[in-house]
Amino acid sequence: MEERKVALVTGGTRGIGKEIAKAFAQEGYDLIINYVSNNTDIKSLETEFNEIGSKVLFIKADVSDFASCEEMLKQAIQNFGRIDTLVNNAGITRDNLLMRMKEEEFDTVIGINLKGVFNVTKQVIPYMIKKRAGNIVNVSSVVGVCGNAGQCNYSASKAGIIGFTKSLAKELASRNIRVNAVAPGFITTDMTESLNDTIKETISTQIPLKRMGEAREVAKVVKFLASDDASYITGQVINIDGGMVM
Ligand code: NAP
């Protein structure tokens with residue numbers, strides 16, 4: 001019997017990450033799901049994934065902390081012995097106009113969103129290189145492509161992810177490892193929940209498809225990029241934004 005594949009999803013207990021993890025579970029993967037907060041109901045999530053048929057290991061770790069990521073990978077490999085797909089999804093916003101933005105707001109966002117991608121990816125690639133197989137999908141954002149007032153920190157982190165993705169794709173292509181990114185637009189999750197209804201209305205009218213996206217619409221593209229159907233795609237950024245950026 002063929003061994004089950006394993007996917008590691010950072011920030012996988014809520015929002016887009018949770019839908020990505022679910023999509024992989026439905027595809028027959030076992031899962032390592034990372035999270036950071038204390039209020040995550042791991043038990044009920046575990047049941048949800050087990051019902052789909054996946055073995056799942058939840059690991060609490062702050063992706064901005066290199067040592068925590070080292071410990072996370074140790075646990076992941078001890079339990080599963082392999083990682084076939086890495087999805088760097090964990091991310092936060094701390095929006096403010098640059099005039100008002102505190103150094104801490106800039107550093108925290110870069111630390112989690114961009115350095116977090118370095119911290120986790122650096123730990124994972126030795127296992128992929130050894131197997132001469134694997135793929136990585138990084139979650140960027142349309143604002144990393146086109147910018148957004150009030151998000152200098154966030155858009156810089158997401159633009160950084162795009163540069164990281166393309167460089168790593170060039171480094172690892174010869175080892176049969178593909179590296180791609182997705183750039184979602186406005187997706188309904190906790191992250192966009194704080195926007196008031198007027199802002200959401202205004203945003204929706206500016207989106208050619210006239211609505212915000214759903215987390216599962218991002219998950220489907222991530223699943224495609226990680227699959228053999230995307231075997232000739234590497235170093236690419238796919239916008240999932242209802243046509244916001246063309
Ligand atoms: P969300 O609902 O706020 O979820 C964020 C996830 O990241 C949570 O699972 C959270 O873990 C995790 N996380 C935060 N800080 C972390 C840390 N230091 N270490 C490990 N995990 C951490 O956000 P979302 O909307 O699903 O966003 C997911 C990704 O998509 C992010 O990278 C975001 O930038 C990107 N994105 C979102 C949108 C959008 O409109 N929603 C658009 C473009 C891009 P806990 O649950 O433990 O707190």
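Since the structure is predicted, the reported quantities are computational estimates derived from the model, not experimental observations. Start at 1 with the first residue, then count along the sequence. Counting starts at 1 for both ligands and their atoms, in listed order.
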Item to check | D190/R14 under salt bridge (charged side-chain N to carboxylate O under 4.0 Å, His left out): CA gap, chis, key distance, verdict | outcome: CA-CA 8 Å; D190 293 347; R14 291 192 280 137; 2.7 Å; yes
Which N or O atoms of ligand 1 sit under 3.5 Å from a protein N or O, and how far apart is each pair?
from     : atom 1 : to   : atom 2 : distance (Å)
ligand 1 : 9 (O)  : G11  : O      : 3.1
ligand 1 : 18 (N) : D62  : OD1    : 2.8
ligand 1 : 19 (N) : A61  : O      : 3.4
ligand 1 : 19 (N) : V63  : N      : 3.0
ligand 1 : 25 (O) : T189 : OG1    : 2.5
ligand 1 : 26 (O) : I16  : N      : 2.8
ligand 1 : 32 (O) : N89  : O      : 2.7
ligand 1 : 32 (O) : K158 : NZ     : 2.8
ligand 1 : 34 (O) : Y154 : OH     : 2.5
ligand 1 : 34 (O) : K158 : NZ     : 3.0
ligand 1 : 36 (N) : Y154 : OH     : 3.4
ligand 1 : 40 (O) : G185 : O      : 3.3
ligand 1 : 40 (O) : I187 : N      : 2.8
ligand 1 : 40 (O) : I187 : O      : 3.3
ligand 1 : 41 (N) : I187 : O      : 3.3
ligand 1 : 41 (N) : T189 : OG1    : 3.1
ligand 1 : 46 (O) : T13  : OG1    : 3.3
ligand 1 : 46 (O) : R14  : NE     : 2.7
ligand 1 : 47 (O) : V36  : N      : 2.8
ligand 1 : 47 (O) : S37  : N      : 2.7
ligand 1 : 47 (O) : S37  : OG     : 2.9
ligand 1 : 48 (O) : R14  : NH2    : 3.0
ligand 1 : 48 (O) : S37  : OG     : 3.3

Next on the checklist: Distance alone, cut at 3.5 Å: any donor-acceptor contact between the side chains of Q236 and N180?
Outcome noted: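 No, no side-chain donor-acceptor pair sits under 3.5 Å.
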Checklist entry - Side-chain donor-acceptor pair under 3.5 Å between N138 and T165, yes or no? => result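 Yes, T165 and N138 have a side-chain donor paired with an acceptor closer than 3.5 Å.
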Next on the checklist: Could you check whether any side-chain heavy atom of M128 comes within less than 4.5 Å of a side-chain heavy atom of I83, counting everything from C-beta outward?
Outcome noted: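 In short, these two side chains touch, coming nearer than 4.5 Å.
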Next on the checklist: For the NZ atom on K43, are there more than 12 heavy atoms of other groups (residues, nucleotides or ligands in this structure) within a distance under 6.0 Å?
Outcome noted: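 Count not over threshold, so no.
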Checklist entry - Sequence neighbours excluded, which residues qualify as side chain to side chain donor-acceptor pair (under 3.5 Å) partners of E70? => result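 Applying side chain to side chain donor-acceptor pair (under 3.5 Å) to E70 gives none.
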